Number of protein chains: 2
Amino acid sequence: MARVGLTPERLTEAGAELADEVGFDEVTVSALARRFDVKVASLYSHVKNSQDLRTRIALLALAELADRAADALAGRAGKDALAALANVYRDYAREHPGRWAAAQLRLDPQTAAASAGVRHAQMTRALLRGYDLTEPDQTHAVRLLGSVFHGYVSLELGGGFSHSAPGTDVTWARIIDALDTLLRNWPSPPTDPRG
Amino acid sequence: MARVGLTPERLTEAGAELADEVGFDEVTVSALARRFDVKVASLYSHVKNSQDLRTRIALLALAELADRAADALAGRAGKDALAALANVYRDYAREHPGRWAAAQLRLDPQTAAASAGVRHAQMTRALLRGYDLTEPDQTHAVRLLGSVFHGYVSLELGGGFSHSAPGTDVTWARIIDALDTLLRNWPSPPTDPRG
DNA sequence: GCACTTGCCTAATAGCTTTAGGCAAGTGGG
DNA sequence: CCCACTTGCCTAAAGCTATTAGGCAAGTGC
């Protein structure tokens, strides 16, 4: 009958929209087929299986996020860049909760290495050029920033902070302040007290 | 026939073990029934449904984690306490990845308020007594610590740090150093530059 | 030892996943 | 123009999970 024009790309994009609407966990081959008004089996010519679909959505989200991050970092340095990058993650998660959830999907090492995930690490590293850190402290700092961004955004989105005053916007600003301070005064490894 | 002696508690405990073995996402009423060598429908006299089972596992994990945290904090203060609490989360996640995943489950506000989750916040707050923070900075700091612990442990467990040197143990130690430094030198809110 | 409760069972419905095979809508060469 | 070919969506079917309704037998209390 009428051909709808399914492609892996259109399925991935629609899957991402669906994720934002109903949650990434509810993204199912069946639901996606319904959205295109097409029989379920038809999708299997375009994506290998359910896992494949979910992985494609995750890769889409990672790439979108990396694009936004690159954009935000352009022409900024220091605390300005730090805040901009931090807000990219937080804003993306709030605008696109389903895609954010997708971006947290555990990818197999192969896929992860070929994903935009590596760009994220590179950009965080680039950001740290505005601070005076040398290896291996730079790597430690990259991991710390990744942890804070991921952790805060996940907890806030999950409602973990919703019960109490003060509002989360204030906390977020103060955390960025704190990270900036910390990066400008990164502590040297404590000397071994036995020495 | 032979009665196996199912109870909500035994199901929850077995579900937690199953989660650690095969992952929280694979914890299913069917799999649990197989584990007890019992028909699937039999479980529905003890747990309301699949969601109920998962919630019970989450509550178990939160409680276990809070118990460990309370134990670790007893008799410690300052950086010692900070490191101890941090390690409780990290070690628990590595020993019990499925339960850790369960503990991340989004609970509805009612359930969350009655869960051990509130003990976690209280203990983090208690920990901060060793540092010189007053409200609202204390709340900001609680949220920062929660974010770092949750974020770091999730990323490490998901393999996010596995590609690169230095090892994650070193980074973890340095992050705890950094947090300690930060809490001892918590920056005041920057004065409004327009003022 | 009998009535009663409770626990696990059978049976049935419904949804999601995935594979195999079919037919018709587009596409390119003669 | 049309015929062969490819490709896209369809029907059919099997397997797994979730959930509910109703039954029977194993334990419990008098």
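In what follows, chains carry the letters A, B, and so on, assigned in the order in which the sequence lines appear, proteins first and then strands, with residues in each chain numbered from 1. All figures in this text were calculated on a predicted structure; none of them were measured in a lab.
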Looking only at the side chain of [X] (C-beta and beyond, no hydrogens), which of the listed nucleotides [options] gets closest?
X: A:K39; options: C:dA25, D:dC10, C:dT18; result: D:dC10
X: B:R3; options: D:dT19, D:dT7, C:dG7; result: C:dG7
X: B:V38; options: C:dT18, C:dC8, D:dC9; result: C:dC8
X: A:V29; options: D:dT11, C:dT17, D:dC9; result: C:dT17
X: A:S50; options: C:dA25, D:dC10, C:dT18; result: C:dT18
X: B:A41; options: D:dG8, D:dA18, C:dT10; result: C:dT10
X: A:R34; options: D:dC10, C:dT17, C:dC16; result: C:dC16
X: A:N49; options: D:dA25, C:dT18, D:dT11; result: C:dT18

Checklist entry - Starting at CG of B:L32 and ending at P of C:dC8, how long is that distance when rounded to a whole Å? => result 12 Å
Next on the checklist: Heavy atoms only, 4.0 Å cut-off, all strands: where does B:V4 land among base, sugar-phosphate and nothing?
Outcome noted: sugar-phosphate
Checklist entry - Taking A:N87 for the side chain and A:A83 for the main chain, is one N or O donor matched with an acceptor at less than 3.5 Å? => result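 Yes; judged by distance alone, with no hydrogens or angles, the pair exists.
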Checklist entry - Quick one: does A:S115's side chain have a donor or acceptor within less than 3.5 Å of a partner on A:A112's backbone? => result yes
Item to check | Ion pair B:D177/B:R174, N-O distance below 4.0 Å | outcome: yes
Next on the checklist: Can you tell me how the ring of B:H120 sits relative to the ring of B:Y89, calling it parallel under 30°, perpendicular over 60° and tilted otherwise?
Outcome noted: tilted
Next on the checklist: For D:dC10 and A:S42 - does any side-chain N or O of the residue sit under 4.0 Å from the phosphate oxygens OP1/OP2?
Outcome noted: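 True: A:S42 side-chain N/O within range (under 4.0 Å) of D:dC10 OP1/OP2.
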Checklist entry - Think B:H46 has a side-chain N or O under 4.0 angstrom from the OP1 or OP2 of C:dC8? => result yes
